[in-house]
Amino acid sequence: MQPVFSHPWEISFKEAAELQRKLRQRLVYEEYTGQINLIAGADISYARKTNTNYAGALVFSYPGLELVEEVGVARECHFPYVPGFLSFREGPPLLEVLSRLRHEPDILVFDGQGIAHPRRLGIAAHLGVILDKPAIGCAKTRLCGKYDPPPDEVGAWSPLTHQGETVGAVLRTKKGTKPVFISTGHRITLNQALQVVSACCRGYRLPEVVRRAHLFVNRLRIEKDPILK
DNA sequence: GCGACAG
DNA sequence: ATCTTGTCGC
């Protein structure tokens, strides 16, 4: 899986915001009509006091969720974390691991927002457009927008709205825990995203693809980071 | 000016 | 995100 186009990553915040507003126009909010045989989850782990980050991408069969492939890589990061610009920090390493995948997933799930972003280009939307691949954003907390807490029942959800439009959904994936924030990234509808994420839950708050990716990069960091070994 | 603020 | 032990609650 390779990008269909590229752009510079080491730019100013002003230029980054302009780029986000421009790329936002390439987003496709249509229903995904293809088959879903493989689904991937990607995430990153950071080594404290260092600029080293560990990115990972895992591919699973769908809907069985059997692990098919996993790729991890350690890289140096220079772009700081600033709310609203996460993709400029995590985008490059994630594209790196995704490009090294031998199996091409049909859908991508990222640990962060899709269009539930101030300029509608959260990391899932940004990378989805660059790869022109269906993508879903699954964040643990809110970046923008307002919502009413969904009932405490698995599957319950409520719309996440921002500036008068529905940008995502707040989904209860596990009873008695905080809900997750689901939003469209690219080439998929919110209802489909909710269906797919729900189908990936196995009793934990986070859907398996994201949870496993999270565990993988964390494990990768602990075994490769000398300061903790 | 003040508060909010993915990972 | 990361650093951390025990502890409260379903």
Side-chain angles (χ1 to χ4, degrees), chain A residues 9 13 16-17 20 23-24 41-57 72 74-97 108-129 135-147 151-154 160-163 167-186 193 197 203-207 209-229:
Chain A
W9 293 95
F13 291 108
Q20 293 177 320
L23 294 183
R24 161 188 185 174
D43 192 22
I44 286 182
S45 177
Y46 297 89
R48 191 181 64 161
K49 291 293 184 180
T50 312
N51 290 313
T52 304
N53 61 38
Y54 301 83
R75 287 184 40 152
E76 292 306 304
C77 178
H78 300 92
F79 204 96
Y81 166 68
V82 176
F85 298 94
L86 176 65
S87 60
F88 287 86
R89 176 177 171 75
E90 305 193 340
L94 288 181
L95 287 175
E96 168 77 52
V97 290
L108 271 25
V109 182
F110 294 97
D111 188 336
Q113 316 292 343
I115 62 170
H117 176 281
R119 291 171 293 285
R120 305 290 180 272
L121 202 81
I123 192 165
H126 194 161
L127 300 187
V129 169
I136 296 171
C138 177
K140 295 181 291 300
T141 61
R142 180 197 77 103
L143 172 59
C144 71
K146 49 189 176 60
Y147 64 95
D152 190 20
E153 304 169 27
V154 176
L160 174 64
T161 63
H162 180 58
Q163 301 181 333
V167 296
V170 186
L171 175 68
R172 192 77 66 179
T173 53
K174 178 179 169 61
K175 184 178 174 59
T177 64
K178 301 177 63 176
V180 293
F181 298 73
I182 307 303
S183 58
T184 284
H186 185 57
V197 169
Y204 292 93
R205 182 195 176 211
L206 298 179
V209 290
V210 172
R211 194 177 74 84
R212 295 286 300 280
H214 206 282
L215 292 174
F216 176 70
V217 295
N218 217 30
R219 195 169 67 222
L220 192 62
R221 172 175 59 78
I222 295 177
E223 69 179 36
K224 297 191 71 175
D225 189 342
I227 205 172
L228 291 179
K229 194 167 181 298

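Below, chain A is the first sequence line, B the second, and so on; all start at residue 1.
The distance from atom CD1 of Ile222(A) to atom P of dT4(C) is 11 Å, rounded to the nearest whole Å. Here dT2(C) presents its C1' atom at 16 Å from CG of Leu215(A), a figure rounded to the nearest Å.
Among the protein residues, Asn218(A) comes within range of the sugar-phosphate backbone only, with heavy atoms under 4.0 Å from sugar or phosphate atoms but none that close to a base.
In this structure, Tyr147(A) has its ring center closer than 6.0 angstrom to the ring center of Phe181(A).
Between Leu127(A) and Leu108(A), every side-chain heavy-atom pair lies at or beyond the 4.5 Å cut-off. Taking 4.5 Å as the limit, every side-chain heavy atom of Ser183(A) sits out of range of all side-chain heavy atoms of Leu160(A). A 4.5 Å side-chain heavy-atom check between Phe88(A) and Gln20(A) finds at least one atom pair inside the cut-off.
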Between the protein and nucleotides 3-7 of chain B, which nitrogen or oxygen pairs come in under 3.5 angstrom?
from   : atom 1 : to        : atom 2 : distance (Å)
dA4(B) : O3'    : Arg142(A) : NH2    : 3.3
dC5(B) : OP1    : Arg142(A) : NH2    : 2.6
dA6(B) : OP2    : Tyr81(A)  : OH     : 2.7
dA6(B) : O4'    : Gln113(A) : NE2    : 3.4
dA6(B) : O3'    : Thr141(A) : OG1    : 3.4
dA6(B) : N7     : Gly84(A)  : N      : 3.0
dA6(B) : N6     : Gly84(A)  : O      : 3.2
dA6(B) : N6     : Phe85(A)  : N      : 3.3
dA6(B) : N6     : Leu86(A)  : N      : 3.1
dA6(B) : N1     : Ile123(A) : N      : 3.1
dA6(B) : N3     : Gln113(A) : N      : 3.1
dG7(B) : OP1    : Lys140(A) : N      : 2.7
dG7(B) : OP1    : Lys140(A) : NZ     : 3.4
dG7(B) : OP2    : Thr141(A) : OG1    : 2.9
dG7(B) : N7     : Tyr81(A)  : OH     : 3.4

>> I'd like to compare against my own output: the B/S/- annotation of nucleotides 5-10 of chain C with a strict under-4.0 Å heavy-atom distance to protein.
In response: ------
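From Ile44(A), atom CD1 reaches atom CG of Asn53(A) across 5.0 Å, with rounding to the nearest 0.5 Å.
Annotation for Tyr204(A): atom OH does not count as buried by contact number, only 12 or fewer foreign heavy atoms lying within 6.0 Å.
The main-chain N or O of Arg205(A) is found under 3.5 Å from a side-chain atom of Thr173(A) such that the two form a donor-acceptor pair. Side chain of Arg75(A) to main chain of Tyr54(A): no donor-acceptor pair is present (N/O by atom type, distance under 3.5 Å, no hydrogens or angles).
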